[in-house]
Amino acid sequence: MRCCPIKHQVAPSQTSSYLTMSNISDSHYALRTRELNKLITQLRALGAQAEVELPRIAVIGNQSAGKSSLVEAISGITVPRSTGTCTRCPMECRLTQSSPLDTWRCQVSLRIEYDNDTGSRLPSVREHRFGPPVTDPTLLEDVLRRAQLAILNPSVDYKRFIDYDVSNLSKDDPPPLDSIKQLQFSKNVVCLDLSSPESTDLSFIDLPGIISNVADGEDRNNIDVVRNLVIEHIKGKGCLILLTLTMRDDIENQSAAFLAKEVDPQGHRTIGVLTKPDTLLAGEYGPWLEVLQNRRHSLRHGYYMTKHPSTDELSKKLSFEEARTREKDYFEDPTNPWWENDATRKRLGTRNLTASLSKLLSSLIDEALPKLREDASKSLQEARNAYSELPPPVNVTNPTAELLNMITTFSNEFHHYTAGSSNSYASMIQKYKPAFKIFKFNVRKTAPDFRPYTIQEAKDNSLGWEEVLPDDDDDEHSAALEKQQQPTPDNVLEELSVQDVDAVKTIETRLERLHPVFVDQVKTYINGSLTRELPFNVPFSAKDGLIQHSMVLWEGHALDCFKFVRAVVADHLSKLVDKHFGRFVSSGLTDAVGSVVQRIVDRYEHKTIKRIKWMLRLEQRPFTQNNHYFSAYRENYLSKYKGARRRQQQGDSGNDEEREQKMREALAKLTELGFSASSPEDLEKLSSSNSYEEELTVMAEVRAYWQVAYKRIIDVLPLSIDEDFICAIAAKTQEMMVTELGLSDTDATEKVRAYIAEDPELAEERNVVNARLKRAEEVWSSLAMFKA
């Protein structure tokens, strides 16, 4: 038997002040509250919780903490009760106060937003009405029991449960209606839209009670399942946590309090509800009175106290009205200790709690609206971006035209890349262009290294030689060329993703250089070529042999250059194949197109290599009509060779100021006499080189011709690769793809239909993204249009 503490005498006026709820339903504030709750209900039905943080109240508590009774007291309904955990899935109660002339009405719905196998959120939320509206409150308990069964048995069509007989249900029964498996718990939601003149505009989510043990035969993992489900709902900052605390146990011992503290350490979002005050014994009131006054375990929104029917009263099917009357009588009893002041009196009873919750939730929604609109706008843009990144759906009504359009688009895009028509299409040319520079550098290194000294002279005098290019050459001078960092294609190779990268890696700048050729070696070579020539005539075969010897490495450099370009182009084509046809892997179209493109590349690779070798064969027969360049180079080199040899014979380093002065004076005199002499090099041509005059002339002619041929090949080879390989592929790709894919065959339609059958995973991804886009648009529209 409960012992009461000291009795308090209460004035009659006090007995009603703490239980009288101000009539919030007849004000402008009430209308806005109703509209705000309606907005959140609409957003939740759209699945907006997947896009934005929706304001909400979540009711949590330990098993047997009186949570179900609290939900009944707030909503005015009777929830299903059974041995063990009563609530097996979340239940969302959406209460609306109707006009005094309206009758009680409740529509039950099922909101399916999670995959029961994976636990992941579904791409689109579905809310199904579960039967017609209930107009008799006494029937609602069984309807809710059926609705929960429909949620827990997803393998059965939910409509079969609408009229299912639940009068004799037992926890030991097998799964109903041939269900494959009945779930212990589910994240999907039973929704109640309840309206009556006595309701307060309020919505909340009732979550399964937190358990610490399971019944025999049940999975112990259910403890964590329930805990995780509760945390998922209450962890967001937009959630007000209605924490049900039984006064039969210390707060420190209640798991629900621990979870609330875990997600809301400062207690800013938690509202405490103390239940079962009538079970306290004498001497137990003091600590709980401090809690009610928010002096212990303080929370920002404080604590409320409610009193609900006992187990015996529940068994007698006590009506809602009678339960509220008994609660009122209990708190008005002057012998109870909860009267300390007006502040605590206003925190007694379900009506005061409900009125406060309605105001708190409306305020939370009002404050969240700007952020909700901002988040909805961001979510909509993200959904649009995700949708735009997907390829468009395939037009299967005319598959041949569809595939032809894909081929045309593919071919046109590659053509843009071959032309480098804009910055957007410059990447391919930019990647292979270094190969031409490397080719030019490599060929330049093969220039004949003639020395105007004998081998012995070079050894005796430690003579060096620095070749200087003709003044009109557009290359760097050789001294700078030797010193500069050698160009390499490594940065391009790192970006290649082709199978023949190993072959491409052989494209390293060749450092081979022909060994120096001294003037006495040239003399020996010429003598070895003499046949019937008259005196002072050098055989053409001697010049030809020296020229050919200097070009022996050109073919290797040319093929290395082409391999590099070929790898870049093939890699680019491969990426374009993935871009335009990559979604058809499962149908085989991706591989088929890739194979056709590979054959096209191979075909023009073979033709280009033949053309390169043909061009290099042309260089085996010395020929030029570029007389001006040839003559200029010849005179330039002859002057340098003669001057170097004269200086060597005279022991003159060429740096003496006196010698320079004499050269200037000699030039002036020659000019006065009418001779065309404007530079020291012109004077060098007049010098005699003794027995090597003929050899120096040959050296100058060979070097001059090499320069002409070098300038020719460094332009013609890149042009040939561009025309015979790159442009040829661009010109023929569409035609060859149409032919080799069989678009002109008699059975083309069925073959193509099979080709463009979209990958099921991609189709599913599009459905998911499309559902998200539709949801985001509806959410954004609802928020943008809301004007309560």
Side-chain angles (χ1 to χ4, degrees), residues 389-422 424-429 431-432 496-500 562 565-611 720-763 766:
E389 290 173 1
L390 292 174
V394 179
N395 176 16
V396 295
T397 56
N398 191 341
T400 304
E402 179 75 10
L403 181 53
L404 182 58
N405 182 58
M406 293 181 199
I407 293 171
T408 302
T409 304
F410 168 84
S411 302
N412 288 342
E413 183 168 356
F414 181 67
H415 189 273
H416 284 309
Y417 277 108
T418 63
S421 50
S422 68
S424 302
Y425 297 104
S427 59
M428 186 175 76
I429 294 177
K431 284 182 180 180
Y432 68 65
L496 293 179
S497 56
V498 291
Q499 295 180 352
D500 56 349
F562 173 64
V565 176
R566 185 249 184 233
V568 172
V569 172
D571 181 62
H572 212 82
L573 281 166
S574 177
K575 290 175 180 176
L576 287 179
V577 169
D578 286 339
K579 176 182 176 180
H580 291 275
F581 304 96
R583 54 176 162 153
F584 301 106
V585 173
S586 60
S587 70
L589 179 59
T590 306
D591 287 341
V593 171
S595 297
V596 172
V597 170
Q598 182 64 49
R599 289 196 293 274
I600 295 172
V601 170
D602 291 345
R603 175 180 178 179
Y604 287 100
E605 175 185 13
H606 179 68
K607 289 187 174 183
T608 305
I609 289 174
K610 287 180 65 176
R611 178 59 63 90
S720 177
I721 292 175
D722 190 51
E723 175 65 21
D724 296 328
F725 183 69
I726 301 170
C727 294
I729 290 176
K732 290 295 184 179
T733 295
Q734 180 171 346
E735 177 186 336
M736 292 183 66
M737 288 179 70
V738 169
T739 301
E740 297 205 24
L741 289 176
L743 267 67
S744 57
D745 296 349
T746 55
D747 60 343
T749 301
E750 291 307 313
K751 182 191 295 184
V752 172
R753 194 187 303 279
Y755 267 149
I756 65 172
E758 195 167 46
D759 190 316
E761 291 185 4
L762 178 59
R766 183 182 293 106

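For clarity, every value in this text was computed on a predicted model and none was experimentally measured.
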Participant: Among all residues two or more places apart in sequence or in another chain, which pass the side chain to side chain contact (heavy atoms under 4.5 Å, CB included) test with P393?
Facilitator: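 For P393 the side chain to side chain contact (heavy atoms under 4.5 Å, CB included) partners, ignoring immediate neighbours, are R766.
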
Participant: Restricting to non-hydrogen atoms, name the atom on I429 and the atom on A419 that form the minimum distance, rounded to 0.1 Å.
Facilitator: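 Heavy-atom minimum between the residues: CD1-C, 4.0 Å.
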
Participant: What's the separation between atom CD in E740 and atom CD in E735, rounded to the nearest 0.5 Å?
Facilitator: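 If we round to the nearest 0.5 Å, E740:CD and E735:CD are 10.5 Å apart.
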
Participant: To check you understand the geometry: which heavy-atom pair defines the closest contact between K751 and G742, and what is its length?
Facilitator: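 For K751 versus G742, the nearest heavy atoms are NZ-CA, 4.2 Å.
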
Participant: Suppose we screen for ring pair (Phe, Tyr, Trp, His ring centres under 6.0 Å). Which residues come up paired with Y417, at least two apart in sequence or across chains?
Facilitator: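 Result, ring pair (Phe, Tyr, Trp, His ring centres under 6.0 Å) vs Y417: Y425, H572.
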
Participant: How about I600 and L573: do any of their side-chain heavy atoms sit closer than 4.5 Å?
Facilitator: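 Counting from C-beta outward, I600 and L573 never come under 4.5 Å.
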
Participant: When rounded to the nearest 0.5 angstrom, what is the spacing between CG in D724 and CZ in R611?
Facilitator: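 The CZ atom of R611 is 4.0 Å from CG of D724, to the nearest 0.5 Å.
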
Participant: Is the shortest side-chain heavy-atom distance between Y432 and D722 below 4.5 Å?
Facilitator: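 In contact.
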
Participant: Measure the OG1-CZ distance between T590 and F581 for me, rounded to the nearest 0.5 Å.
Facilitator: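 If I round to the nearest 0.5 Å, the distance is 8.5 Å.
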
Participant: In the structure I gave you, are the side-chain heavy atoms of V593 and H580 within less than 4.5 Å of one another anywhere?
Facilitator: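 They are not in contact (no side-chain heavy atoms under 4.5 Å apart), so the answer is no.
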
Participant: State whether the side chain of T608 and the backbone N or O of Y604 hold a donor-acceptor pair below 3.5 Å, judged by distance alone.
Facilitator: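 Yes; judged by distance alone, with no hydrogens or angles, the pair exists.
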
Participant: Do the side chains of V569 and V601 get nearer than 4.5 Å, heavy atoms only?
Facilitator: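 V601 vs V569: side chains apart.
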
Participant: Taking all atoms of both residues into account, what is the closest heavy-atom pair of H415 and A730, and its distance?
Facilitator: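 Smallest heavy-atom distance, with atoms named: CD2-CB, 4.1 Å.
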
Participant: Is a side-chain N or O of N412 found less than 3.5 angstrom from the main chain of T408, in a donor-acceptor match?
Facilitator: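 Present.
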
Participant: With a 4.5 Å cut-off on side-chain heavy atoms, are F414 and V577 touching?
Facilitator: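 Sidechains of F414 and V577: no contact.
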
Participant: Assess whether atom CD of E723 is packed by more than 12 heavy atoms of other residues, nucleotides or ligands within 6.0 Å.
Facilitator: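 Counting other residues, nucleotides and ligands, CD of E723 stays at 12 neighbours or fewer.
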
Participant: Ignoring hydrogens, what is the shortest heavy-atom contact between S411 and T733? Give both atom names and the distance.
Facilitator: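 That would be OG-CG2, 3.8 Å.
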
Participant: Just do the side chain to side chain contact (heavy atoms under 4.5 Å, CB included) check on M736 and R603 with the steps written out, would you?
Facilitator: CA-CA 11 Å; M736 292 183 66; R603 175 180 178 179; 3.3 Å; yes

Participant: Sequence neighbours left out, what pairs pass ring pair (Phe, Tyr, Trp, His ring centres under 6.0 Å) with at least one residue falling in residues 724-744?
Facilitator: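 Qualifying pairs, neighbours excluded: F562-F725.
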
Participant: If you draw a 6.0 Å radius around NE2 in H416, do more than 12 non-hydrogen atoms from other residues or ligands fall strictly inside?
Facilitator: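 Counting other residues, nucleotides and ligands, NE2 of H416 exceeds 12 neighbours.
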
Participant: Would you say the side chain of Y755 lies within less than 4.5 Å of the side chain of T400, judging by non-hydrogen atoms?
Facilitator: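 Contact flag for T400/Y755 side chains = no.
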
Participant: Can you confirm whether V596 sits close enough to M737 that some side-chain heavy atom of one is under 4.5 Å from a side-chain heavy atom of the other?
Facilitator: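 V596 vs M737: side chains touch.
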
Participant: Are L403 and L589 close enough that some pair of their side-chain heavy atoms sits under 4.5 Å apart?
Facilitator: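 In short, these two side chains touch, coming nearer than 4.5 Å.
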
Participant: Can you name the nearest heavy-atom pair linking P399 to V752, along with the distance?
Facilitator: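 Heavy atoms of P399 and V752 come nearest at O-CG1, 3.2 Å.
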
Participant: Give, for atom CD of E413 and atom OG of S424, the distance between the pair rounded to the nearest 0.5 Å.
Facilitator: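 Between E413 CD and S424 OG, I get 10.0 Å after rounding to 0.5 Å.
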
Participant: For a quick test of reading the model, state the closest non-hydrogen atom pair linking A757 to S587 and the distance between them.
Facilitator: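 So the two residues come closest at O-CB, 3.6 Å.
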
Participant: Kindly compute the distance separating CE (M406) from CG (L741), expressed to the nearest 0.5 Å.
Facilitator: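 Going from CE on M406 over to CG on L741, the span is 11.5 Å.
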
Participant: Between the side chains of Q598 and D602, is a donor N or O closer than 3.5 angstrom to an acceptor N or O?
Facilitator: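 Present: a donor and an acceptor within the cut-off.
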
